[in-house]
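Numbers restart at 1 for each chain; the letters A, B, ... are given by sequence-line order, proteins then strands.
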There are 2 protein chains.
Amino acid sequence: MEDLQRLTEEMRDCLGIDHLVYHWMGAQGAQYGCGTYSPLWLARYAAQGYLRVDPVIQSCFQRVHPVDWKALDWSSKAARAFLKDALAHGVGNQGFTVPIRGPNGQFAIFTVSHSCDDALWADFLAQWRAELILAAHGINAKALELMPEPATQTPVALSPRELDAMRLLATGLSRAQIAAELNISEHTVRVYIEGARFKLGALNTTHAVARALSCGLIAI
Amino acid sequence: MEDLQRLTEEMRDCLGIDHLVYHWMGAQGAQYGCGTYSPLWLARYAAQGYLRVDPVIQSCFQRVHPVDWKALDWSSKAARAFLKDALAHGVGNQGFTVPIRGPNGQFAIFTVSHSCDDALWADFLAQWRAELILAAHGINAKALELMPEPATQTPVALSPRELDAMRLLATGLSRAQIAAELNISEHTVRVYIEGARFKLGALNTTHAVARALSCGLIAI
DNA sequence: CGCGCCCTCGCCATTTCGGGGGAGGGGATT
DNA sequence: AATCCCCTCCCCCGAAATGGCGAGGGCGCG
């Protein structure tokens, strides 16, 4: 994985910016990151639980397209505190982040950050935006190649009926309602749910639905 | 949405290929597509349930990166029958498909297809690959802009404790376990869950967790 | 021709969830 | 000062989910 670290540094130098970061998040909290942020900031980021505060993460989790940090909502108190802390640790005041999704709920972001005024940043993005998107996917491809196997391969496959059950559960139906919907007995529905629960390694129905959702097996 | 249809046709002409298709799949089986395949083929594709057979879809659903159709597994009986049928309906023998994912299990593919020999196709891809990936994301962006529902997600705000409860529920804990985890009474946990359920307009706990997940309020 | 997986169904007991009442204190906003 | 929301705690009870035991037929694979 040192290759990737070097790659991010080279890419940063080539672009002439302060920072370039790639961060991958898999299922069950598995993570991998590389980039040019200071180790001190990374440690602080983890220690403070900024993953749940960072507007970049929050926003990218709900969007498809890259985002300029200026377009984010920094109004909340937590976000302001985070921003101040980030600036103090060398993160640029400008940023551009590309969200990338994979199967089974994999999620990654590719970020470039720099300290400069808005006009300069706008010029930079106008020139490099397309390249950055391609670079994001390129780095993600490389990262997935190098990723240890268990992280990337999650061959959980539910049967069609189990998927039906999970889908209907996720929309709020009870077992009896699902049975009526699928025109089968409630007990059969139970077998599907139990099967899905077992395959997903879930402790209960809610857990199973949550996993099925976050793995991208179902959607609501 | 006619804009998109015209865009795909223009893009196809610009690239000088036979077909260019964009296909979006969202929640509850919602679908939207545009492109240059013949209506006859589209009708047949739907009627035959090829969505569950098509190796392009099957493969892209499990992968992050674009794929040349030649790299796919066409060995199964169903796949061969599908391929024969596709060729008979004007689909090219060469193809390149870019998978795109969004939040909430949104999934889209962008495909270019052409009839030619392998060498010519390799040249084409070498020249246009990067552009095609960018075009895929561009079309997807445009499609999502024009799409009616998914953008109209009402921003629901849960209280910190309600988020805690949802998060722990999503990891499979029962109310009693959550109470122990948070060092509060089980009844209090119930109040949080009921509050979250109400705010999310959910019918039950599982539904609430599913919504919280798909809204990006929590993650596991 | 087994073996495994998928689909379908039944009964019983226990645990958990959901809905209905309450109560009080703290903080922010108006 | 009043009002709203958030956090915290208590009772009861019926409905739903879960866990365990069983059953059979169908389909594909080695």
* Please tell me which of A/V191 and A/S174 maps to the more 5' nucleotide of DNA chain D, matching each residue to the nucleotide holding its nearest heavy atom. =>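 The 5'-side residue here is A/S174.
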* Asked: Taking for each residue the nucleotide of DNA chain D bearing the nearest heavy atom, is the 5' side occupied by A/L203 or by B/R161?
  ->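 The answer here is B/R161.
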Options [options], nucleotide nearest the side-chain atoms of [X]:
X	options	result
A/E186	D/dA17, D/dG19, C/dG19	D/dA17
B/S185	D/dC10, C/dC9, D/dA17	D/dC10
B/T205	C/dG22, C/dG18, D/dC7	C/dG18
A/I184	C/dC11, D/dC9, C/dC9	C/dC9

* Side chains of A/T206 and B/T206: is there a donor and an acceptor less than 3.5 Å apart? ->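 Their side chains do contain a donor-acceptor pair, which is all the 3.5 Å distance test asks for.
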Please give, in whole Å, the distance from [N] [atom2] to [X] [atom1]?
X	N	atom1	atom2	answer
A/I193	D/dG19	CD1	C1'	14 Å
A/L173	D/dA16	CG	P	13 Å
A/I178	C/dC7	CD1	C1'	16 Å
B/H187	D/dC11	NE2	P	10 Å
B/N204	C/dT16	CG	C1'	13 Å
A/Q177	C/dG18	CD	P	13 Å
A/E194	D/dG22	CD	C1'	13 Å

* Asked: When only distance counts, do a donor and an acceptor, one from the side chain of B/R190 and one from the base of C/dG21, lie under 3.5 Å apart?
  ->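 No pair found.
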* **Test item: A/W121 and A/D68 side chains (from C-beta on) under 4.5 Å apart, heavy atoms** =>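 Yes - at least one pair of side-chain heavy atoms lies under 4.5 Å apart.
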* Output, in order, the C-alpha distance, side-chain angles, deciding distance and verdict of side chain to side chain contact (heavy atoms under 4.5 Å, CB included) for B/N140 and A/H65. => CA-CA 9 Å; B/N140 191 55; A/H65 309 298; 3.9 Å; yes
Is the phosphate of [N], meaning OP1 or OP2, less than 4.0 Å from a side-chain N or O of [X]?
X	N	result
B/R175	C/dC17	yes
A/S159	C/dC5	no
A/T188	C/dC9	yes
A/K199	C/dC6	yes

* Quick one: do B/D85 and B/R44 make a salt bridge, cutoff under 4.0 Å? ->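 Salt bridge flag = yes for B/R44 with B/D85.
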* Determine, for B/R190 against B/E194, whether the closest basic-nitrogen to carboxylate-oxygen distance falls under 4.0 angstrom. =>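 Judged by the 4.0 Å cut-off on N to carboxylate O distance, B/R190 and B/E194 do form a salt bridge.
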